[in-house]
Number of protein chains: 2
Amino acid sequence: MSTVEGRVDGMSLRHAMLGLLADRPASGYDLMKRFETSLSNVWPATQSQVYGELGKLTKAGLLEVAAEGPRGRKEYAITDEGREELRRWLTEAAPDPVRRSDVLLRVFFLNHLTPVEATAYLMGEAERAAGQHQALEEVERNVDWGDDPLSVNGRLALEYGLRFMAMREEWARWAVEELGRTRR
Amino acid sequence: MSTVEGRVDGMSLRHAMLGLLADRPASGYDLMKRFETSLSNVWPATQSQVYGELGKLTKAGLLEVAAEGPRGRKEYAITDEGREELRRWLTEAAPDPVRRSDVLLRVFFLNHLTPVEATAYLMGEAERAAGQHQALEEVERNVDWGDDPLSVNGRLALEYGLRFMAMREEWARWAVEELGRTRR
DNA sequence: TTTTGACATGTCAGAGTTGGAATGTCGGCG
DNA sequence: CGCCGACATTCCAACTCTGACATGTCAAAA
């Protein structure tokens with residue numbers, strides 16, 4: 001009964017918040033900053049969502065207001081029940097994520113463009129991927145990799161991003177070639 | 001005024017439908033079948049969405065009812081304006097898609113599990129990726145690759161999937177090792 | 001002939017997401 | 001002292017997406 005109602009699939013925002021608060025208590029404002037920095041590439045969230053969810057999670061007993069500060073600041077802390085839910089989510093089998101991909105969707109309809117235009121699109125994809133790859137390398141250089149467990153996970157995620165962007169670029173370049181081959 | 005109102009970012013469902021109808025006219029029912037087969041891994045859609053969108057697109061002048069058939073069947077065809085919009089979407093620079101990834105979100109909070117549990121999660125990821133890779137290879141074998149431009153694009157998309165799953169598996173196995181290293 | 005299954009469309013409630021606006025407080029700098 | 005910028009919360013309108021429900025027609029097999 002107490003396990004937050006609308007179950008199962010999405011709503012990972014909840015778990016993102018539980019995960020952040022499991023490290024240490026924080027206010028909505030603090031959480032926002034963390035969503036804007038470390039989590040921005042993994043799970044973006046807006047103010048309205050964060051504050052709304054704080055309310056729901058508190059009402060559901062997964063969080064509690066641990067302290068009140070200066071400007072109406074409310075510092076939220078995870079409860080034991082919240083920790084349980086976090087663990088449950090972390091250990092449950094992740095459902096195959098059927099992701100939507102507008103990049104691939106465009107690829108599906110590339111035949112409605114001229115070969116030149118289609119090639120240009122794919123080259124653009126390659127360059128975008130390369131650009132993001134560079135951006136991630138930049139991040140890698142600028143983050144001070146302490147030994148804290150936090151940044152261990154961050155490193156894993158970053159590596160995922162690097163590999164993903166490399167793959168995207170390689171695929172796009174391969175696709176350009178392929179398009180050239182079949183055109184003849 | 002006629003360019004469908006709520007612009008810009010998402011709503012690629014619209015363009016998926018325009019893309020499908022650009023090949024040949026079809027009913028909502030026909031479209032559903034194509035969303036369930038070829039497009040299911042790229043852009044899943046439900047009945048309610050498809051029929052709803054058919055109405056909106058028709059009202060917006062991007063589609064028209066070309067013919068009516070037996071069981072209330074309405075066959076929709078793309079209009080010139082619709083073709084324009086499709087081309088516009090295909091050639092416009094795709095915005096960097098900031099995707100949400102619940103897989104990575106979990107990775108971020110892996111430190112709230114025991115090393116054994118965390119490793120199990122990553123191994124599971126590797127196996128899921130391997131499974132999906134196999135499934136795609138299965139698809140590759142079973143599709144008859146004619147020369148029609150349709151399946152050319154399909155092949156590009158399929159290859160993307162294969163490379164993506166391979167990357168995911170490799171990354172997960174790497175992450176397991178990495179976790180083992182830092183634990184010591 | 002009856003019944004089943006494929007064809008075919010439509011509506012709805014609820015959750016999630018976005019983006020913006022409105023409001024107010026405190027600390028420190030000039 | 002007065003003001004600005006950072007801190008901090010709350011509410012809202014609009015849209016998308018999901019999943020279920022409701023309804024009806026036609027063709028062919030049993």
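Values below: all heavy atoms of this structure, side chains included; hydrogens, waters and symmetry mates excluded. Just so it is clear, the model here is predicted, and its values are computed rather than measured.
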Nearest-angstrom distance from the residue atom CD of E36(A) to P of dG19(C): 13 Å
Tell me: CZ of R34(A) to P of dC7(D), nearest whole Å? 15 Å
Strictly under 3.5 Å: I want the nitrogen or oxygen pairs between protein and nucleotides 8-12 of chain C, one per line.
residue	atom	partner	partner atom	Å
dA8(C)	OP1	R73(B)	NH1	3.1
dA8(C)	OP2	R73(B)	NH1	2.9
dT9(C)	OP1	K74(B)	N	3.0
dT9(C)	OP1	K74(B)	O	3.4
dT9(C)	OP2	G28(B)	N	3.2
dT9(C)	OP2	Y29(B)	N	2.7
dT9(C)	OP2	Y51(B)	OH	2.7
dT9(C)	O4	Q47(B)	OE1	3.3
dG10(C)	OP1	K74(B)	NZ	2.7
dG10(C)	O6	Q47(B)	OE1	3.0

To the nearest Å, how far apart are E68(B) CD and dT25(D) C1'? 14 Å
Taken in chain and number order and not counting sequence neighbours, the residues that satisfy side-chain hydrogen bond (donor to acceptor under 3.5 Å, both in side chains) with E170(A) are none
Establish, for the pair R163(A) and W174(B), whether the NZ or CZ atom is under 6.0 angstrom from the six-membered ring centre and no further than 45 degrees off its axis. yes
Separation of atom CE in M32(A) from atom P in dA6(D), rounded to whole Å: 16 Å
What integer distance in Å separates R100(B):CZ from dG16(C):P? 12 Å
Calculate the interatomic distance between W43(B) atom CH2 and dT16(D) atom C1'; express it in whole Å. 10 Å
Closer than 4.0 Å, any side-chain N/O of R14(A) to the OP1 or OP2 of dA15(C)? no
Rounding to a whole Å, what distance do you find between Q49(A):CD and dG20(C):P? 14 Å
Set of residues satisfying side-chain hydrogen bond (donor to acceptor under 3.5 Å, both in side chains) with respect to S27(B), sequence neighbours excluded: D30(B), R73(B)
With Y51(B), which residues qualify under ring pair (Phe, Tyr, Trp, His ring centres under 6.0 Å), at least two apart? none
Contacts of M165(B) meeting side chain to side chain contact (heavy atoms under 4.5 Å, CB included) (sequence neighbours excluded), chain-then-number -> Q132(B), H133(B), L136(B), R168(B)
Partner set under side-chain hydrogen bond (donor to acceptor under 3.5 Å, both in side chains) for E169(A), not counting sequence neighbours: R173(A)
Separation of dC7(C) P from L31(B) CG (nearest whole Å): 14 Å
